[in-house]
Amino acid sequence: MSKKRNNAKVNEFEGTFLADGKLCTKNMIPGKRVYDEFLYNSKHGELRSWDPRRSKPAAAIYKGLHHFPLKKGMKVLYLGVASGTTCSHFSDLVEKEGIIYGIEISDRVLREILTIAKERGNIVPILADARMPEEFPWIEDVDLVYADIAIKDQSEVLIRNCKKFLKPGGFAMIAIKSRSIDVTKRPTDVYKEERKKLEQFFNVTDFVTLEPHERDHGYFVLKRK
Ligand SMILES: C[S@@+](CC[C@H](N)C(=O)[O-])C[C@H]1O[C@@H](n2cnc3c(N)ncnc32)[C@H](O)[C@@H]1O
């Protein structure tokens, strides 16, 4: 597992495609854009480009991620769903057989996802604090938890949610924003410290840094022990 993968090959995963050299997912709602992404006709159906400057999992795939466990039919808990840019691609990937529970603390931001959720039918937006999973106890056990909350205790919050909701052997992914944890430390030192915390509960199956798409971010892919 290399830490730096410049000139990385963009690997294709179940549900991801390359069109015109760009990473794409298959558009669940043909003809509809969610942000300013490109649409392409292909033999797979209509594809939407997945912008690495707008979405950290896309940046991680562009950086040569080898393991991307999100698949059709999965139940996903998404911490920090915001207005739904990344979530719309997760929605394409899990298709109508899957579901995404999207937790967001800001009602102003969450409002923007409501139309997307209604059109797609596989996104459940939830106004709540990810630090307090006891506030949303009705969520079913999930196959994957994704955290992109950019707060100091983001690894602890991920683990707390995984203890409550992640199936045995399930997966997690987290985008670590180094500056949210400690602006005075080198990002590589922050990633090392976060890895130690995460390894108490998970095996790390992949790690990449997200430069040049996102500054001072590390992306972990994890499997519950
Ligand atoms: C970096 S943005 C997420 C971007 C989004 N994941 C995407 O790729 O489209 C971080 C989001 O986490 C939300 N957030 C921060 N703290 C949170 C908390 N404790 N619980 C839930 N959401 C939180 C913020 O309001 C913000 O919308």
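Remember, it's 1-based here, ligands and their atoms both numbered in the order they're listed. All values below were derived from every heavy atom in this structure, side-chain atoms included, with hydrogens, water molecules and symmetry-related copies excluded.
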Report yes or no: does a heavy atom of Asp129 sit under 4.0 Å from some atom of ligand 1?
yes

May I ask you to say whether Asp182 pairs ionically with Lys185, meaning some side-chain N is under 4.0 Å from a carboxylate O?
yes

With a 4.0 Å cut-off on heavy atoms, does Ala128 reach ligand 1?
yes

How about NZ on Lys164, more than 12 heavy atoms from neighbouring residues, nucleotides or ligands closer than 6.0 Å, or not?
yes

If you count the atoms of ligand 1 from 1 in the order shown, which ones are under 4.0 Å from a heavy atom of Thr85?
9 (O)

In ligand 1, which numbered atoms sit nearer than 4.0 Å to a non-hydrogen atom of Thr86?
7 (C), 8 (O), 9 (O)

Within the distance-only criterion (no hydrogens, no angle test), does the side chain of Lys223 pair as donor or acceptor with the backbone N or O of Asn203 below 3.5 angstrom?
no

What do we get for Lys56 next to ligand 1 when only non-hydrogen atoms under 4.0 Å count, side chain, backbone, both or neither?
side chain

How close does the nearest protein non-hydrogen atom get to atom 15 (C) of ligand 1, and which residue and atom is it?
Ile149 O, 3.5 Å

Under 4.0 Å from ligand 1, counting heavy atoms only, is it the side chain of Ile151, its backbone, both or neither?
side chain

Taking all non-hydrogen atoms of both residues into account, name the closest pair between Pro125 and Ile123 and its distance.
CD-O, 3.5 Å

What pair of heavy atoms forms the shortest contact from Gly15 to Leu93, and how long is it?
O-CD2, 3.3 Å

Cation over ring face, Lys22 and Phe38, 6.0 Å, 45°:
yes

Less than 4.0 Å is my threshold; does some heavy atom of Tyr78 fall inside it relative to ligand 1?
yes

Can you list the atoms of ligand 1 that are under 4.0 Å from a heavy atom of Ala82?
3 (C), 4 (C), 5 (C), 27 (O)

Restricting to heavy atoms, the pick from Glu214, Glu104, Arg108 nearest atom 13 (C) of ligand 1 would be Glu104

Which residue and atom name correspond to the protein heavy atom nearest atom 4 (C) of ligand 1, and how close is it?
Asp148 OD2, 3.4 Å

Gly80 to ligand 1: N or O pair under 3.5 Å?
yes

Just verifying a value: how many Å separate Glu194 CD and Gln154 CD, rounded to the nearest 0.5 Å?
6.5 Å

So among Phe207, Tyr219, Phe220, which one has a ring-ring contact (aromatic ring centres under 6.0 Å, His included) with Tyr191?
Phe207

What protein heavy atom is closest to atom 21 (C) of ligand 1, reported as residue, atom name and distance in Å?
Ile105 N, 3.4 Å

For Ala130, take its heavy atoms, then give the atoms of ligand 1 lying under 4.0 Å from any of them.
18 (C), 19 (N), 20 (N), 21 (C)

Tell me if the NZ atom of Lys167 is crowded by more than 12 foreign heavy atoms within 6.0 Å.
yes

